[in-house]
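FYI, the numbering just counts along the sequence from 1.
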Amino acid sequence: MFQCKKSKSNIKINVKIITYGEIMFRNRNINNQGSYQSDKLRALRVVIGTVLLTVISSATFAKERTANIDNADEIQTWATDGVTTKIIFPSGTYVLSKRLVITNDNLKLIGDGKTRTVLKLNQLDKALIDAQGESISVKDMTLNANNNLKQFGEPIFKFNKTKGHRFERVLFKKSEQFGISGAVGYGLDGLHVSHCEFVDINGIVINLLNRNTEKRNGILVTSIDKVLVEHSLFKQGYSVGITLDAGNDRRNESIVDGKKVGRRYTESVDMSDSVFRNNTFEKTTKFHIAGVQAKGFKISGNTFAGMTDNAASGSNSLHFEQFTKNVKIYNNTFDMSDSVSKAYPYISFAGTEGHKRVSQKLASDTYKNWTYYYEGSNERRADTSCAASGDTNKNCKRDVHAYGPRDIYIAGNTFNSSSKISKYLQVHEGENIQIGIEKNSTVNLNAFKGGNNATKKISFGGHDEGTCNVSIVAGQGIIDSNVSIAKVDFELPACKIAKPIVIGS
């Protein structure tokens with residue numbers, strides 16, 4: 001019997017010797033010929049050979065390397081050799097003439113400090129790091145794309161259909177596109193970001209999931225592994241800090257008028273209780289955190305600085321659409337500069353279908369049977385000016401009650417006053433919106449600062465059935481006159497009749 005024991009310094013092999021005579025005795029046929037089983041002897045030789053190969057393999061496995069600042073090509077080789085598990089980067093700038101492709105699983109890239117070790121891309125490419133192996137860990141370094149990512153969606157770090165990557169004390173720098181993203185249609189399963197900094201990222205900083213079912217060969221995504229983004233700094237200039245664009249409505253089902261047509265297949269992608277906590281979001285040109293068709297996540301302890309002076313219309317700090325469910329928004333601080341050119345909401349939840357529809361029935365509960373043109377960009381979008389008549393006009397943006405937010409808990413937040421706040425909170429087609437109460441029923445009051453008794457701080461809208469089943473706890477600076485409730489225009493009665501909106505209880 002063979003036993004192999006591996007230590008950090010050497011390999012010990014304990015071998016129990018079986019004598020030739022014992023082999024002959026154990027494998028003797030009980031017959032008059034007294035012959036021996038030569039096949040079992042061959043089997044023993046195979047076992048011995050296997051052990052020797054295993055020992056040799058163990059001796060060469062789990063290599064740790066130290067990078068040479070003058071030999072970046074060596075780094076490229078190590079990252080794909082199948083045996084390197086750690087690369088240590090002493091202080092300095094390591095210039096990469098092409099993206100660093102990593103196929104080794106569990107590879108650790110360890111620098112000497114967030115600004116002392118720099119990996120810098122000096123040519124146009126599709127990423128700085130292309131992660132094709134699983135569970136890569138990057139610590140204590142700068143990843144500088146040097147503005148060499150030009151095509152839409154190209155990220156500094158790419159999850160290339162892989163999972164479980166971690167970043168600690170990493171500075172992501174100079175991307176005209178994205179910071180961290182995946183292959184189109186795939187999520188960032190198990191992403192962990194801690195004490196990182198994102199500087200000069202012009203597009204989306206962290207793109208958790210980009211909807212496109214067809215790019216996944218029709219495979220639906222119903223959940224992604226838990227994501228944690230904590231204690232990190234998002235410097236001013238990005239369009240979206242974190243996005244959860246989890247729609248799954250882009251699988252080709254038919255052709256109409258020469259265009260691909262699909263339908264909605266999954267209402268919400270489960271984010272598996274992902275957490276975004278204790279981060280600082282400086283001013284954004286669009287959204288700090290945004291989501292579509294995502295459920296099961298928590299936003300807590302963050303600071304949101306509002307919009308840049310040139311932010312686009314429709315921008316806000318937290319922006320969620322279609323089938324947003326089970327969201328906890330706790331103990332965050334919201335600010336907005338008085339210098340911005342337009343007024344924006346702090347938090348916006350929508351329950352709208354903004355695509356042109358190919359098929360539709362009149363009743364409000366038939367959305368599952370609708371089909372849509374989904375190729376292209378603005379040409380497939382419905383008219384945003386006619387939502388109140390969108391129930392019959394396929395080219396109109398349509399409020400759909402079933403699309404609206406559900407089970408939203410907003411507690412312990414500070415909404416600071418500003419002359420450029422249109423609403424502190426606006427909700428369309430929502431149900432079970434708890435304001436000042438955590439999911440576990442703990443009362444945790446928000447502070448809606450500024451304004452007076454006539455200021456409309458909160459709006460509940462929607463043209464289908466509207467918003468209902470709302471509780472706004474007393475003592476938060478909200479009274480009846482601070483809340484606007486829109487009328488319902490579509491064919492079903494307002495849901496607030498059966499499920500009231502209660503203010504100051």
Student: Does the plane of the ring in Phe287 sit parallel, tilted or perpendicular to the ring in His319? Use 30° and 60° as the thresholds.
Tutor: parallel
Student: Let me know which of Lys114, Arg116, Arg169 forms a salt bridge (Lys or Arg N to Asp or Glu O under 4.0 Å) with Asp140.
Tutor: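 Exactly one option meets the salt bridge (Lys or Arg N to Asp or Glu O under 4.0 Å) with Asp140, and it is Arg169.
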Student: So, Asn440 and Thr442: side-chain donor and acceptor under 3.5 Å apart, yes or no?
Tutor: yes
Student: Arg398 side chain to Cys396 main-chain N or O, any donor-acceptor pair under 3.5 Å?
Tutor: no
Student: Can a side-chain donor-acceptor contact be found between Glu168 and His192 if the only test is distance below 3.5 angstrom?
Tutor: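 Glu168 and His192 do not have a side-chain donor-acceptor pair below 3.5 Å.
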Student: Looking at side-chain heavy atoms only, is the closest gap between Gln177 and Lys150 below 4.5 Å?
Tutor: no
Student: Evaluate the ring planes of Phe157 and His165, with Trp represented by its six-membered ring, and classify them as parallel (under 30°), tilted (30 to 60°) or perpendicular (over 60°).
Tutor: perpendicular
Student: Do Lys439 and Asn326 meet the criterion of a side-chain donor-acceptor pair at a distance under 3.5 Å?
Tutor: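 On atom types as modelled, these side chains qualify, holding a pair under 3.5 Å.
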Student: Do Tyr346 and His288 meet the criterion of a side-chain donor-acceptor pair at a distance under 3.5 Å?
Tutor: no
Student: Check the side chains of Asn210 and Asp245 for a donor-acceptor pair under 3.5 angstrom, ignoring hydrogens and angles.
Tutor: no
Student: Mind listing the closest non-hydrogen atom pair of Leu96 and Leu128 along with its distance?
Tutor: CD1-CD2, 4.0 Å
Student: Judged by modelled atom types alone, do Asn444 and Asn331 share a side-chain donor-acceptor pair under 3.5 Å?
Tutor: yes
Student: Looking only at side-chain N and O atoms, does Asp81 offer a donor or acceptor that is under 3.5 Å from a partner on Asn104?
Tutor: yes
Student: Does the side chain of Ile224 come within less than 4.5 Å of Leu188's, by heavy atoms?
Tutor: no
Student: What residues form a ring-ring contact (aromatic ring centres under 6.0 Å, His included) with Tyr94, not counting sequence neighbours?
Tutor: Phe89
Student: Do the numbers put Arg263 on top of the ring of Tyr374, so that NZ or CZ is under 6.0 Å from the six-membered ring centre and no more than 45° off the axis?
Tutor: no
Student: Whether the Arg65 and Thr84 side chains hold a donor-acceptor pair (N or O, under 3.5 Å, no angle test) is what I'd like checked.
Tutor: yes
Student: Hey, what's the ring geometry for Phe349 with Phe320, parallel, tilted or perpendicular (30° and 60° as the breaks)?
Tutor: parallel
Student: Would you kindly say whether Asn395 and Asp383 are connected by a side-chain donor-acceptor distance under 3.5 Å?
Tutor: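 Asn395 vs Asp383: no donor-acceptor pair found between side chains.
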Student: Indicate the ring-plane relationship of Tyr424 and Phe415, choosing parallel, tilted or perpendicular according to the 30° and 60° boundaries.
Tutor: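 Correct class here is perpendicular.
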Student: Is Lys259 close enough and on-axis enough to Tyr373, meaning under 6.0 Å and within 45°, for cation-pi?
Tutor: yes
Student: Kindly indicate, with the supporting measurements, whether the criterion side chain to side chain donor-acceptor pair (under 3.5 Å) is fulfilled by Gln123 and Arg99.
Tutor: CA-CA 9 Å; Gln123 297 288 337; Arg99 65 184 180 274; over 6 Å; no
Student: Give a yes or no on whether the backbone of Val400 and the side-chain of Glu429 come within a donor-acceptor separation of less than 3.5 Å.
Tutor: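 Pair absent, no side-chain N/O of Glu429 close to backbone of Val400.
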Student: Between Ser348 and Gln426, does any side-chain donor sit less than 3.5 Å from a side-chain acceptor?
Tutor: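 There is such a pair between these side chains.
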Student: Does one side chain, of Asp112 or Ser91, offer a donor that lies under 3.5 Å from an acceptor on the other?
Tutor: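 Distance-only check passes for Asp112 and Ser91.
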Student: Under a plain distance cut-off of 3.5 Å, with no hydrogens placed, do Ser359 and Thr371 share a side-chain donor-acceptor pair?
Tutor: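 Side chains of Thr371 and Ser359: pair found under 3.5 Å.
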Student: Test salt bridge (charged side-chain N to carboxylate O under 4.0 Å, His left out) on Arg264 and Glu353 and set out the steps.
Tutor: CA-CA 11 Å; Arg264 194 176 297 278; Glu353 176 50 68; 2.3 Å; yes
